[in-house]
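Here the structure is laid out as structure tokens; the discussion comes afterwards.
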Amino acid sequence: MKSNKNIVLVGMMGSGKSSIGKLLSKKTGLDFIDIDALIEKKENKSITEIFKVNGEKYFRDLEEKISIKKLQEYNNVISLGGGAFLNAKIRKKSSLNSITVWLNWKTSTLIDRIKDSKKRPVVTNLKANEIKDLIEERSKIYNSSDYKVNCDKLSKSEIINKIKNFYENT
Ligand code: S3P
């Protein structure tokens with residue numbers, strides 16, 4: 001039977017939630033929603049500027065509001081920001097009419113991808129070993145997702161097919 005649930009992509013910065021999400025939406029015919037992009041549009045500022053001008057708390061409150069609103073809809077692929085799933089209210093909403101999928105990568109892959117990024121205020125001032133601790137700490141929570149994909153050895157289309165398969169079998 002065709003599900004009308006959302007597919008919610010969870011995982012660290014640099015795990016490909018947006019790029020995989022876009023491709024997955026094409027493949028499944030579901031609409032694509034990128035929560036960070038919605039926040040940037042609403043505020044007319046980049047995430048980095050929001051952190052700088054308004055602070056992290058302001059960003060997290062907006063993230064909660066917008067994520068919860070979108071999680072009440074159906075038939076979307078939703079890319080959550082990397083910190084969103086740490087919020088218990090967002091996790092609870094994600095457990096209702098969505099399947100959650102953790103895009104898991106080796107810690108070293110993620111560190112290489114995000115350590116020099118100027119677009120990721122949470123890690124801007126962190127050293128590699130501090131990013132590693134953050135990934136390990138967060139992974140305990142990401143691990144409560146319904147499904148996990150170990151992405152390192154897979155092509156993008158293999159990742160997408162796996163997720164589509166999870167979705168079709170829910
Ligand atoms: C964050 C991840 C970012 C963005 C913000 C905070 C985090 O999203 O929401 O910079 O705390 O991990 P991406 O995971 O899409 O980079």
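In listed order, ligands and their atoms are each counted from 1.
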For ligand 1, which atoms, with element, lie under 4.0 Å from some heavy atom of [X]?
X: P121; answer: 10 (O)
X: G81; answer: 8 (O), 9 (O), 14 (O)
X: D36; answer: 3 (C), 4 (C), 8 (O), 9 (O), 13 (P), 15 (O)

**Prompt:** Is there a donor-acceptor contact under 3.5 Å linking the side chains of N4 and N75?
**Reply:** no

**Prompt:** Roughly how far apart are M12 CE and S139 OG, rounded to 0.5 Å?
**Reply:** 8.0 Å

Which residue owns the protein heavy atom closest to [atom], what's the atom, and how far is it?
atom: atom 12 (O) of ligand 1; result: R138 NH1, 2.6 Å
atom: atom 14 (O) of ligand 1; result: K17 NZ, 2.7 Å
atom: atom 7 (C) of ligand 1; result: G83 N, 3.3 Å
atom: atom 10 (O) of ligand 1; result: I47 CG2, 3.5 Å

**Request:** Decide side chain to side chain contact (heavy atoms under 4.5 Å, CB included) for D36 and F59; before the verdict, give the C-alpha distance in whole Å, the side-chain angles of both, and the deciding distance to 0.1 Å.
**Result:** CA-CA 10 Å; D36 281 345; F59 171 80; 3.9 Å; yes

**Request:** Could you see which bit of R60 sits under 4.0 Å from ligand 1, with heavy atoms only: side chain, backbone, both or neither?
**Result:** side chain

**Message:** A side-chain contact here means heavy atoms from C-beta on lying under 4.5 Å apart; do K115 and D112 qualify?
**Reply:** yes

Heavy atoms from other residues, nucleotides or ligands near [atom1] of [X] exceed 12 (cutoff 6.0 Å):
X: K132; atom1: NZ; result: no
X: N129; atom1: CG; result: yes
X: N125; atom1: CG; result: no

**Prompt:** Should G82 be counted as touching ligand 1, given the test is an N or O pair under 3.5 Å?
**Reply:** yes

**Message:** For ligand 1, which is the ligand I care about here, please tell me if K119 has any N or O atom under 3.5 Å from one of the ligand's N or O atoms.
**Reply:** no

